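Ligands are counted one by one from 1 in listed order, and the atoms in each one are counted from 1 as well. Computed from a predicted structure; not experimentally measured. Position 1 is the first residue of the sequence, and the numbers go up from there.
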Amino acid sequence: MNTEFFKIDEKHIDYSAIESCADIIKSGGLVAFPTETVYGLGADATRKDAALKIYAAKGRPSDNPLIIHIAKAEDAEGYAHTSPLYYALAKAFMPGPLTVILPKKDTIPSEVTGGLDSVAVRCPSHKVARALIAASGVPIAAPSANISGSPSPTSAAHVTNDMNGKIDAIIDGGECEIGLESTIVKLDGNKAILLRPGAITADALGCVCEEVEISSAVTHALAQNERPLSPGMKYRHYAPSSPLVLLDGSEKDITDFLLKASATENCVILCYSEEAEMLSGAKLIDVGCRSDLQTQAQRLFGALRQADTMGADIIYAHLPPLDGLGLALYNRMIRAAAHTVKKV
Ligand code: AMP
Ligand code: MG
């Protein structure tokens, strides 16, 4: 298949390019598009044939459901049974990086939801994504636009690497601002169950919901045969091809370990900016300053992809903190590392 490329700047949207891409969606094709979180691989969420193409292009297991992207929070009414808590969350966080799981209506085929009777709904804030959804006139089912299991794409180059020749079009809208996928919550009365942490933090959710429960799968590996609340939790994810090891210890002990490792092992280090000079000579990827979790989030998936091109036997990175945006970083990194943490 010949993949068409469109460059669309969020600040000066080319509506004729948006129309061309919307025509592809309307005719059941696949378009990769930028969002504020990561790039999505979009198809008409009301068409079973279109959804099946997403699973095929990504090599995604058919029981791992897709998130549907809508133009306005109220549009969820057409596809899901909403609740007062949904609207309270929508008022606080939509458009933005929050996905809410709701009971599904029949307008969404079961192929989109991996056979579940619930549907994940999100209203993105990226202007290109919003223009595409509005011009398509349908909700857009879109998982991350990477090959299943590899790090999510945060630039059009990442998408091209994984999807060129497999999908109808790629919209290049520059680098994603957040860099980690949306926060996912399931609602239970006045309680929100956090299934995937993201830029909308547990504390922020706590300002709207009476109770926020963090699913244990966010930080821990599932037990064998455990049935996850979200099917995506059980799959290997975000993984670079070289093994990733997360380092846990004091600043000084980690520095000592990295100095020694860089002299004796063929390793790549995802380092903090503050460490770059001291570790110069090693294969380094600077992920941002120690306290700048936003930059670390924005750079993480690109860093994992880059590390894979550097011919190392092992990748070392810092174990992130568990609070605020740290929890989202922790969740992605612990899975990318297959839960390998080294105490130093
Ligand atoms: P991705 O599209 O790659 O960001 O992955 C979407 C995530 O949302 C996966 O982890 C899915 O398992 C999860 N998800 C989507 N729909 C549902 C649903 N109805 N119930 C629970 N989890 C869902
Ligand atoms: Mg994904």
With ring centroids as reference points, do His318 and Tyr272 lie under 6.0 angstrom apart? yes
Identity of the nearest option to atom 8 (O) of ligand 1, non-hydrogen atoms only, from Leu195, Ile184, Asn64: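 It is Ile184 that holds the nearest heavy atom.
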Val268, Ile269, Ile315 screened by side chain to side chain contact (heavy atoms under 4.5 Å, CB included) with Lys283, the one that passes: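 Going through Val268, Ile269, Ile315 one by one, the side chain to side chain contact (heavy atoms under 4.5 Å, CB included) with Lys283 is satisfied by Val268 alone.
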Let me know which of Ile68, Leu98, Thr37 forms a side chain to side chain contact (heavy atoms under 4.5 Å, CB included) with Arg122.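 Of all the options given, the one that passes is Thr37.
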Are Thr3 and Asp168 close enough that a side-chain donor and a side-chain acceptor fall under 3.5 Å?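 The answer is no; no qualifying pair exists.
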Under 4.0 Å, heavy atoms only, figure out whether ligand 1 is touched by the backbone of His69, its side chain, both or neither. neither
Backbone N/O of [Y] and side chain of [X]: donor-acceptor pair under 3.5 Å:
X: Arg290; Y: Glu251; answer: no
X: Asp188; Y: Ile193; answer: no
X: Glu274; Y: Cys289; answer: no
X: Lys53; Y: Ala43; answer: no

Should Ile67 be listed as contacting ligand 1, given a heavy-atom distance under 4.0 Å as the test? yes
So is Arg60 close enough to ligand 1, meaning a heavy atom under 4.0 angstrom away? yes
So which protein heavy atom does [atom] come closest to, and at what separation?
atom: atom 2 (O) of ligand 1; answer: Pro143 CA, 2.9 Å
atom: atom 10 (O) of ligand 1; answer: Gly232 CA, 3.3 Å
atom: atom 13 (C) of ligand 1; answer: Ser230 OG, 3.3 Å
atom: atom 21 (C) of ligand 1; answer: Ile101 CD1, 3.2 Å
atom: atom 14 (N) of ligand 1; answer: Pro65 CG, 3.7 Å

For ligand 1, which atoms, with element, lie under 4.0 Å from some heavy atom of [X]?
X: Leu116; answer: 18 (C), 19 (N), 20 (N)
X: Ser118; answer: 18 (C), 19 (N), 20 (N)
X: Arg196; answer: 1 (P), 4 (O), 5 (O), 6 (C), 7 (C)
X: Ser144; answer: 1 (P), 2 (O), 3 (O)

When you look at CD of Glu213, are more than 12 heavy atoms from neighbouring residues, nucleotides or ligands closer to it than 6.0 Å?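 More than 12 heavy atoms, drawn from other residues, nucleotides or ligands, come within 6.0 Å of this atom.
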At less than 2.8 Å, would any N/O/S atom of Ser152, backbone or side chain, sit next to the Mg ion (ligand 2)?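 Ser152 does not place any N, O or S atom closer than 2.8 Å to the Mg ion (ligand 2).
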